[in-house]
Amino acid sequence: MKTSVHITRESRWKQFKRDRGVLFAFSWLILIGLTALLADVLAHNPEKGWAPVPYGTEITYGHKNIPPFGPHNHYLGTDYAGHDLLAGLIHGARISLSVGLAAVSIAALIGILLGVIAGYWGDDRLYMRRGVMLSMLPAMFFAWFYGFRVRRYEWEDAVDGNLEKLPVEIAISIGIAILTVFLWLLVGKIISYKGYMAKKITFPADSLIMRAIEILNSLPLLLLIISLSAIFERSLGFITIMIGLLGWTGLARLIRAETLRVIRMGYIESGKALGLGAWRIVFRHVVPNAIPPALIVIAFGIGNAIIAESALSFLNLVDGTVTWGSLLSSTRNNFSIWWVGVFPGLAIFLTVLSFNLIGEKLRDIFDPHLPS
């Protein structure tokens, strides 16, 4: 049985590599990724010198509503204000991919952590002292505040013009958040040394996490982000963080289900019998075996994040940034400039379709009905 299963999965990987849809998806994403990385080189920037696209994202006065493919240097035309459309698409690729990857990174971290906690410890296996439990709420608040709220300008700077710094900024924000949580939990452990705060109580992790998932799933994501943007700010960094903080529920449910499956395996029981600690078992055995199916949700999540950002930009909820969604919004009051809607819409469609094709193929490979 194991041999046939291995052959079946191996044949599916071969199909994955040979599938024309997947090859198209990877080719398109590589093209968009290189375009995003080389945006300042491809579209004119006075500091970079000559570029294949002789215009940037600034307004070209006297060049309004120019159609594409004409006898001029605006290869895909201009919008009603005089922005070069091709330059906007090139720089918008950086924004869309940055928002998608950054938001999914945040959602993946939260979803994997909470999913593992809910699945491994459940409602009756996680014990906390009262002091530690009371410190969790301020720990979460200050982790968000210092890790993401205070550093939103660094995120915006990385998304707008320094894409190579984005992974570093994500890592720094996550590191600050983890350090903040650790320090607050250390405070909770200190005050739990003796007395009333030292009493151990059961923490119903699974119930609380699942109820939080149900509450978030009952709320429309876009409407919630629009409401929060009206209260706080309309910046791209804030919207990216909100998409990540509100988009972890599907991944958490999948990781929880995979964790419940993995902990029934014999090697987990063997690890417990050998005296391995819970966290060591989780990070060395549970998480690595629960991650592969999560790649499906992550692939779909990137596409969903790109759609969410484009929708919010289309509604002019992102100030001062050229994105694919903001280019689309130019056609709302003037449908005669059809090209301004067609080309950005096509870019969004092909990018999201590529992530979805990859996600569907990964789902075929990691089919939960396939014996393991």
Any chain of hydrophobic side-chain contacts (each under 4.5 Å) joining [X] to [Y]?
X      : Y      : value
Phe203 : Phe182 : no
Leu183 : Leu185 : no
Ile174 : Phe283 : yes
Ile201 : Tyr127 : no
Met128 : Met140 : yes

For this session: Classify the ring geometry between Trp144 and Phe141 as parallel (under 30°), tilted (30 to 60°) or perpendicular (over 60°).
Result: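 Judged by the thresholds at 30° and 60°, the geometry between Trp144 and Phe141 is tilted.
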Exercise. Relative to the ring of Trp338, is the ring of Phe343 parallel (under 30°), tilted (30 to 60°) or perpendicular (over 60°)?
Worked result: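 The rings of Phe343 and Trp338 sit tilted, inter-plane angle from 30° to 60°.
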For this session: May I ask you to list the residues sharing a hydrophobic cluster with Ile30, side-chain cutoff 4.5 Å, ordered by chain and number?
Result: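 Besides Ile30, the cluster holds Leu34.
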Problem set entry | Side-chain cluster (under 4.5 Å, hydrophobic types only) that Tyr196 belongs to, other residues |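 Members other than Tyr196 - counting any ILVMFWY side chain reachable under 4.5 Å - are Leu134, Met197.
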Problem set entry | From His63 atom NE2 to His83 atom NE2, the distance as rounded to the nearest 0.5 Å |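 Atom-to-atom, His63:NE2 and His83:NE2 are 13.5 Å apart.
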Exercise. Which distance, rounded to the nearest 0.5 Å, do you find between the CZ of Phe24 and the CZ of Phe26?
Worked result: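 It is 13.0 Å, given to the nearest 0.5 Å.
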For [X] and [Y], work out which heavy atoms get closest and say how close.
X      : Y      : result
Thr240 : Ala103 : O-CB, 3.7 Å
Ala294 : Leu254 : CA-CD2, 3.7 Å
Gly115 : Thr259 : O-OG1, 4.2 Å
Leu97  : Ala36  : CD1-CB, 4.2 Å
Ile358 : Ala25  : CG1-CB, 3.9 Å

Problem set entry | Criterion side chain to side chain contact (heavy atoms under 4.5 Å, CB included) against Val99, the qualifying member of Leu236, Ile306, Ile239 |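 By the side chain to side chain contact (heavy atoms under 4.5 Å, CB included) criterion, Val99 pairs with just one of Leu236, Ile306, Ile239: Leu236.
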For this session: In sequence, state the C-alpha distance, the side-chain angles, and the governing distance for Met242 and Leu312, and then conclude on side chain to side chain contact (heavy atoms under 4.5 Å, CB included).
Result: CA-CA 12 Å; Met242 284 297 101; Leu312 295 168; over 6 Å; no
Exercise. Can you list every pair that meets side chain to side chain donor-acceptor pair (under 3.5 Å) and has a residue in residues 171-180, with sequence neighbours left out?
Worked result: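 Residue pairs with at least one partner in residues 171-180: Arg151-Ser173, Trp155-Ser173.
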Exercise. Got more than 12 heavy atoms from elsewhere within 6.0 Å of OH, Tyr146?
Worked result: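 Not more than 12 within 6.0 Å, no.
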For this session: Could you please spell out the steps behind the side chain to side chain contact (heavy atoms under 4.5 Å, CB included) verdict for Ile281 and Ile268?
Result: CA-CA 7 Å; Ile281 292 175; Ile268 300 296; 4.0 Å; yes
For this session: Show your reasoning for whether side chain to side chain contact (heavy atoms under 4.5 Å, CB included) applies to Ser96 and Ile348.
Result: CA-CA 9 Å; Ser96 294; Ile348 295 171; 5.7 Å; no
Whether the side chain of [X] engages the backbone of [Y] through a donor-acceptor N/O pair (distance < 3.5 Å, no angle test) should be reported.
X      : Y      : value
Trp324 : Leu89  : yes
Ser326 : Val322 : no
Asp206 : Asp123 : no
Arg264 : Leu260 : yes
Ser192 : Val132 : yes

For this session: Start with the C-alpha gap between Tyr55 and Thr78, add the side-chain angles, then the distance that decides, and say whether side chain to side chain contact (heavy atoms under 4.5 Å, CB included) holds.
Result: CA-CA 10 Å; Tyr55 299 99; Thr78 63; over 6 Å; no
For this session: State, with a plain yes or no, whether a side-chain heavy atom of Val340 is found less than 4.5 Å away from one of Tyr80.
Result: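 The answer is no; the side chains never approach within 4.5 Å.
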Exercise. Got Leu357 and Phe355 here, is their nearest side-chain heavy-atom distance under 4.5 Å?
Worked result: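 They are not in side-chain contact.
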Exercise. Does a side chain donor of either Thr351 or Trp28 reach within less than 3.5 Å of an acceptor in the other side chain?
Worked result: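 Per modelled atom types, Thr351 and Trp28 side chains form a pair under 3.5 Å.
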